[in-house]
Amino acid sequence: MFILILGAPGSGKGTQGKILSERLGLPKITTGDLIRTAMKDGTPLGLEFKKYYDEGKLVPDSIILGMIKEELARPEANGGAILDGFPRTAAQAELVDRTLAGRGHRLNYILLLDVTEDELVRRMRARSQVEGRPDDTPEAIANRLQIYQRDTAPLIAHYTQRGIVHRVPGSGTVDQISGEIKRIIGR
Ligand code: AMP
């Protein structure tokens, strides 16, 4: 089963993705974590990522599509995966759809974590106190929210046509939200 967790930055994708991945025993593929690891390791790709990441801009598709393809091709992800943080653009969605279809799969569920913008900003500011992420500065947060609306939110319409989008109210407690996800997926 392939499940995409979709939502604005700060909506809790990482937290809910982890719970779901452990419960279903499926690997979680998180582009943000892969990018952070490459930056920490200082690889050539990591240095390239950093230019965009720190400002809260999306890493261009020309750089990231190859990484997404590689991750989906891993044997661990053969039977399913939780996708966290991608697809985030039309080109990424097309790549994911095409790659899964080529293996006789498709995205089964899109879980859309629905959180108000005020709450998103509050959470990211709180996180910046704890984690000190360079992209949790006020400027980068504003960029990320704007880019989500412009580039990622349109994917909701694309997947809604297929009837696989489930809106999850993202403002309750972590347990309430994971309970709602469990109800939607049925396990
Ligand atoms: P996240 O941890 O998912 O909020 O991602 C943090 C940052 O990593 C984003 O602001 C982008 O700079 C970069 N990033 C993560 N996933 C992607 C993706 N699928 N496409 C482009 N950039 C990404």
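Counting starts at 1 for both ligands and their atoms, following the listed order.
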Sequence neighbours excluded - ring pair (Phe, Tyr, Trp, His ring centres under 6.0 Å) pairs with any residue from residues 142-187: Tyr109-His166
Lining ligand 1 at under 4.0 Å, by non-hydrogen atom distance, are residues Thr31, Gly32, Ile35, Arg36, Tyr53, Lys57, Leu58, Val59, Ile64, Gly85, Phe86, Arg88, Gln92, Arg133, Asp135, Arg144
Spell out, yes or no, whether Met39 and Ile29 are grouped together once hydrophobic residues are joined by side-chain heavy atoms under 4.5 Å, including indirect joins. yes
With sequence neighbours left out, write down each residue that passes side chain to side chain donor-acceptor pair (under 3.5 Å) with Glu119, or none if nothing qualifies. Arg122, Arg123
Residue list, salt bridge (charged side-chain N to carboxylate O under 4.0 Å, His left out) with Asp61, at least two apart or on another chain: none
Stepwise salt bridge (charged side-chain N to carboxylate O under 4.0 Å, His left out) check, Glu22 with Lys18: CA-CA 6 Å; Glu22 285 165 6; Lys18 184 164 182 282; 3.4 Å; yes
Quick check: is Leu95 connected to Leu6 through a chain of hydrophobic side chains (ILVMFWY, heavy atoms under 4.5 Å apart)? yes
